[in-house]
Amino acid sequence: MSRFAYVNSGFLPHRDACVHIEDRGFQFGDAVYEVWGVRDGHLLDEQGHFDRLYRSLDQLDILFERSQYSLLVTIHELLRRNRIRNGLVYLQISRGVAPRDHAFPQANIAPTVVLTAKRFNFDAAAQRAEHGIRVITQDDERWDRCDIKSVNLLPNVLAKQAAREEGAYEAWLVDGSGLVTEGSSTTAWIVSRDGELITRPLDNHILPGITRKTVIAIAKSMSIPLVERAFSPEEAHSSREAFITSASSFVMPVVQIDDKIIANGTPGSLSLSLRNEYLRAQ
Ligand code: PLP
C-alpha cells in the first residue's frame, strides 16, 4: 500500500513529498513541530498538543493562519489515506521559503506545513513497559528556550545516539547544577522513598510535556502526592521508582539509570498503574 504525506495544501505519495531547499526549517531550524499518538483512530491528548503548537508558533512569531479545525480535518484525512488507526502523527510548520538570510524575511511568506503519519507498534511498547527500560545520563547542551518545541534537536539527537550506543533506550539530560532537566525526547520522573511523585517544574529549560500534564492530573485524581522539583541523578539512583513520559511512550518504567539498578530492577507499581490509568483515560 502506498504511503501518503501532506505538504502545504496537498497529499502526495510519501516518497515524492519534499520541501524547497530554501525552506527556513531546512536552512535554520526555523520551525516547530508536534507529535500525537493515535489509538483506535483518536488523537491522544489532542487539545494539549494543539495548544502547545500554537504557543510555539507564537513564541517564534511565525504567522500561521490555519485553524486547529482545518489542521484536524487534514490529519484525519491523512490517517484515512494511510489506513492508520494506531500510530503516530508528525506535524511540522516552518516559517516558510525565502532567500537565505538569518533575519526574518521582510515579505509575508506562507509557512510550510508538513504532515506525516506512521503505524506504531503499541504492543511492542507494552512489552517494553513490562520489563522497563535503561537510561543513561548526558550533559544538557541545549539552548535556553527548550520550552519551545522547535526542530533544533541536534543536542537531543546526540544524547539519544549516545544512549543507543550504550544499549539504553533514553538519555536523561543533566544541567550545569547537576540536576536532571528531562529526557532527550521524554519527561523524566522519579518516585521518592516516601512515595512522592517528583518531576521538574516547568520553565524555559524543559519542554512542557503534554503527557506530563495528563499524568499530573491523573496523579491528583488518585491522591498521589506530587512535588514539582528538580532532582539529581544520585537521588534518582536511590529512588523507589523512575519512569519517562511522552506521546509515544505514554508512561514507561525505568529500571536502570547508568549502572545503577532502580529498586529491585523491575517496573514500579506506581509507574505501571499510572500507565494503565493514562491508557484507560484516553
Ligand atoms: N521533552 C522533550 C525534549 C521532548 O522532545 C518530548 C517529546 O517529544 C517530551 C519531553 C515529552 O512531551 P510530550 O509528552 O508532549 O510528548
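Not measured: the values here are computed from a predicted model. In listed order, ligands and their atoms are each counted from 1.
- For Gly183, the closest heavy-atom approach to ligand 1 falls below 4.0 Å.
- Among the atoms of Gly209, none of the N or O lies under 3.5 angstrom from an N or O of ligand 1.
- The aromatic rings of Phe122 and Phe250 lie parallel to each other, with less than 30° between the two planes, well short of the 60° mark.
- Under a 4.0 Å N-O distance rule, the pair Asp175/Arg200 qualifies as a salt bridge.
- Inspection of the Thr266 and Asn264 side chains reveals an N or O donor paired with an N or O acceptor under 3.5 Å.
- Taking only nitrogen or oxygen atoms, main chain and side chain alike, Thr211 reaches within less than 3.5 Å of ligand 1.
- When heavy-atom distances to ligand 1 are checked against a 4.0 Å cut-off, Thr186 comes that close only through its backbone atoms N, CA, C and O.
- In this structure, Arg55 is not positioned above the aromatic face of Phe50 in the sense of NZ or CZ being under 6.0 Å from the six-membered ring centre and within 45° of the axis.
- With a heavy-atom cut-off of 4.0 Å, Cys146 does not touch ligand 1 at all.
- Each of the following atoms of ligand 1 lies closer than 4.0 Å to a heavy atom of Ala247: 13 (P), 14 (O), 16 (O).
- The only option from Asp61, Asp30, Asp23 that meets the salt bridge (charged side-chain N to carboxylate O under 4.0 Å, His left out) definition with Arg95 turns out to be Asp30.
- A 6.0 Å sphere centred on CZ of Arg229 holds more than 12 heavy atoms belonging to other residues, nucleotides or ligands.
- Ligand 1 has at least one atom lying under 4.0 Å from a heavy atom of Thr187.
- Near His49, with a cut-off below 4.0 Å to any heavy atom, the atoms of ligand 1 are 15 (O).
- For the 3.5 Å distance criterion, the side chains of Arg81 and Tyr6 fail to qualify, holding no donor opposite an acceptor.
- Put simply, part of Arg52 is less than 4.0 Å from ligand 1, judged by heavy atoms.
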Q: Kindly determine whether Ser150 and Asn152 satisfy side-chain hydrogen bond (donor to acceptor under 3.5 Å, both in side chains), including the steps that lead there.
A: CA-CA 5 Å; Ser150 89; Asn152 293 276; 3.0 Å; yes

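- For atom 6 (C) of ligand 1, the closest non-hydrogen atom of the protein is Ser185 O, 3.2 Å.
- Under the 30°/60° scheme for interplanar angles, the aromatic rings of Trp189 and Phe243 are found to lie parallel.
- Close approach to Ile210 involves these atoms of ligand 1, each under 4.0 Å from a residue heavy atom: 13 (P), 14 (O), 15 (O).
- Evaluated by nearest non-hydrogen atom to atom 2 (C) of ligand 1, the leading choice among Glu34, Lys160, Glu182, Lys149 is Glu182.
- For the pair Pro208 and ligand 1, no heavy-atom separation below 4.0 Å is found.
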